[in-house]
Number of protein chains: 2
Amino acid sequence: MTQAAAKTLATLATPALVLDTVRLDRNLGRLSTRMKGLGVTLRPHMKTAKSIDVARRAFPEGPGPITVSTLAEARYFAGHGFRDMTYAVGIAPHTAAHAMELRKAGVDIKVLLDTVEQAAILGEAGRAAGVTPSAFIEIDCDGHRGGLLPPDPKLLAVAAALKDNGVSLAGVLTHAGESYALHTPDALEAAAENERAVAVDAATRLRAAGHECPTVSVGSTPTAHFATALDGVTEMRAGVYMFFDLVMHGVGVCSTDDLALSVLSTVIGAKPEKGWIMIDAGWMALSRDRGTSAQRVDQGYGLVCDLDGRLYPDLIVAYASQEHGTLAIRAGSSAPLPDLPVGAKVRILPNHACATGSQHERYHVVSGPGGAVTAEWPRIRGW
Amino acid sequence: MTQAAAKTLATLATPALVLDTVRLDRNLGRLSTRMKGLGVTLRPHMKTAKSIDVARRAFPEGPGPITVSTLAEARYFAGHGFRDMTYAVGIAPHTAAHAMELRKAGVDIKVLLDTVEQAAILGEAGRAAGVTPSAFIEIDCDGHRGGLLPPDPKLLAVAAALKDNGVSLAGVLTHAGESYALHTPDALEAAAENERAVAVDAATRLRAAGHECPTVSVGSTPTAHFATALDGVTEMRAGVYMFFDLVMHGVGVCSTDDLALSVLSTVIGAKPEKGWIMIDAGWMALSRDRGTSAQRVDQGYGLVCDLDGRLYPDLIVAYASQEHGTLAIRAGSSAPLPDLPVGAKVRILPNHACATGSQHERYHVVSGPGGAVTAEWPRIRGW
């Protein structure tokens, strides 16, 4: 974008999404190093960042394996040279056809399913496109969402249906979604071990029945950071680890100093008699996500920092309407309300980076404190 | 868009935002007729629809007065011929400068403020652009957000500051935001009368002090539909009335048959042992809004209909992750789980039309049952 280099956080129009690459790089390096140490391939989930610039930061040496949550992401990253990808949402007829068109165009896209019906749908889409589909069988490790339990006879039935329909079995895939509800290291380590053990159990059963099962894919940001051994696992998927957020902070995976994403906002009024400061970031800029409301510490719609990312003690976004946020001191705290006149700017650390990011068209990129906006990185959306 | 006319809900890729113009037109006509009967100008809030095609539906005889929530909306609607608009979010230095550039370009944009400081900021922006700004003073009628109480000495101080800074006083503006928390006709009528009375009180005080106060602007969708008299009020603002949603249904303003917006989604799996059906509409397609969770009937992430808009009894979106929704029968109901195999399509009625709409780039337009998609209408976003 023109003149991006001349902008600073002090002059940027608000609300605006800000990404700190010092924190981003540190978060990327932390998990990358961790997975190398555990001998597992990291397949980052691009559903959080939805940005080629962030993907390049994760893969400085060239495109690597990624996970996507939409076929819009698949097309976009394929167009930028990422060819090895897993579309980690259960397949339906229209998405199967679309994914096989991508496969025909040379994208090594693997898809996900857990029923015999989907195996037939996928086989038909493969034949229509003239390609051999590759699919993961989804495994349920904690009752969070979809997937099969390893002892379920459907596991072998689906594998057989894949074979019958000319679909290559990529492997098994599971996601410890319930790990988001935990907050102690012991419980998180146990969740990671359970995720590993269930996935390996499913792979073992498939292999015992004569199926090749090359990939054993697990992943969630909490379990990725608390797994102590990953025997039998071949790859880890995680997405929000790149930016982290207040939900991950509540889980205990990061400190607030690790949060790479924030929303720049301007003060537009005050109600001193109520202890309120009004800002121009409402839920349209912050998202409606209230993920910390179920945690031990409810962070409202976010924590409030100054332009250099220093937290104002106990100042939260207490309320949000579409284009208005209301700052207030957290209930029970005696911290003073800071002096923030109309026109003053603040940065809000969000509950959920995936949801907050999706409300914006681009990142305004900074590198630590100082406020210089060094680049604008576009984000994609849609399906 | 090419070939939009050949599409149907049965063939559309999902998730997709669907707008039913039969319901839209009925909702538009209902409030338009109501306001004519009460002798008040309707100034629709475009923050819900964010679409020129919807705006034209509201004003079939040509551009009329509108309300906007962002300067992106202001630029967009101005570019399509809407020149009379109120930007109903408190002004800050960067938005004041931007709004005055629009004013210089011939857009009759009125802005909002409630402090002496903002009057000075606006005056300076007007002088810089060589235009006379026009501003509403925001009035607080129910403690919901910003604004001044009519007896507050700041009311006359702000009016004087506007005069001193060469700003024209457009009038007073208030919003009964707390009406969303009500659900009985008596309480809603009382909220509408309070909104009216407080706004008129503020205007009366300003006029008694020698200020012209031409416009007395009130508005919220609940109060707009329950006001029985609007003496002294000159205009009504409302936005979500065009589409309605489950929150408005919970307030008692509409029936589920009035909801013009829905999200088309495809079944991607099931967990029969848990009574779950998985769909490809998660919070990215539905939004994170859980506005009905604080109401008497919690609708989860939405109610589930067939393609013609007929509700499945007690079937709700019980859980949502980014790209997955989980359908289940409402707790306590003995309604049967419908037979919806992989590939079946449903329509989800959302909690909050403003939030759900903002997750999508366009409307797929239908006219009542039948499923033919007659047009695609783009939406705008950003600030």
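Numbers restart at 1 for each chain; the letters A, B, ... are given by sequence-line order, proteins then strands.
For a residue to count as touching a neighbouring chain, one of its non-hydrogen atoms must lie under 4.5 Å from one of that chain's; by this rule A:L112 does not touch chain B. Residue contact with chain A, scored on non-hydrogen atoms closer than 4.5 Å, involves the backbone and the side chain of B:Q359 alike. At a 4.5 Å heavy-atom cutoff, the contact between A:E323 and chain B is made by backbone and side-chain atoms alike. Heavy atoms closer than 4.5 Å to chain A are found in both the backbone and the side chain of B:K47. B:L71 does not touch chain A: none of its heavy atoms, backbone or side chain, sits under 4.5 Å away. Using a 4.5 Å cut-off between heavy atoms, B:E361 contacts chain A through both its backbone and its side chain. Both the backbone and the side chain of B:T14 come within contact range of chain A, each with at least one heavy atom under 4.5 Å from a heavy atom of that chain. Both the backbone and the side chain of A:P15 come within less than 4.5 Å of a heavy atom of chain B. A:T266 touches chain B through its side chain: at least one heavy atom from C-beta onward sits under 4.5 Å away, while N, CA, C and O do not. Contacts of B:A96 with chain A are absent, with no heavy-atom separation under 4.5 Å from either backbone or side chain.
No side-chain N or O of A:Y301 forms a donor-acceptor pair with one of A:R290 less than 3.5 Å apart. Of the N and O atoms on the side chains of B:S265 and B:D280, at least one donor lies less than 3.5 Å from an acceptor on the other residue. Looking only at atom types and distance, the side chain of A:H360 has no donor-acceptor partner in the side chain of B:R381 under 3.5 Å away.
A distance of 6.0 Å or more separates the ring centres of A:F136 and A:Y87.
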### Task
Please lay out, stage by stage, how B:D298 and B:S293 fare under the test side-chain hydrogen bond (donor to acceptor under 3.5 Å, both in side chains).
CA-CA 5 Å; B:D298 184 342; B:S293 66; 5.2 Å; no
### Query
Hey, mind stepping through B:S179 and B:S220 against side-chain hydrogen bond (donor to acceptor under 3.5 Å, both in side chains) and telling me if it holds?
CA-CA 8 Å; B:S179 67; B:S220 78; 3.1 Å; yes
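In terms of heavy atoms, A:R145 sits closest to B:S321 at NH1-OG, 2.6 Å. Smallest separation of non-hydrogen atoms from B:G146 and A:M278: N-CE, 3.8 Å.
In terms of heavy-atom pairs under 4.5 angstrom with chain A, the leader among B:V267, B:D140, B:T115, B:T326 is B:D140. Between chain A and the options B:A270, B:C354, B:G382, the largest number of non-hydrogen pairs under 4.5 Å is found for B:C354. The greatest number of non-hydrogen atom pairs below 4.5 Å with chain A, out of B:W276, B:W283, B:Y319, is found for B:W283. Of the listed residues (A:A16, A:G177, A:S69), the one with the most heavy-atom contacts under 4.5 Å to chain B is A:S69. When B:A285, B:G269, B:G282, B:G291 are compared by the number of non-hydrogen pairs under 4.5 Å with chain A, B:A285 comes out ahead.
Heavy-atom neighbours of B:E124 CD from other residues, nucleotides or ligands within 6.0 Å: at or below the threshold of 12.
With hydrogens and angles ignored, the 3.5 Å screen pairs a side-chain donor or acceptor of A:R379 with a backbone N or O of A:A49.
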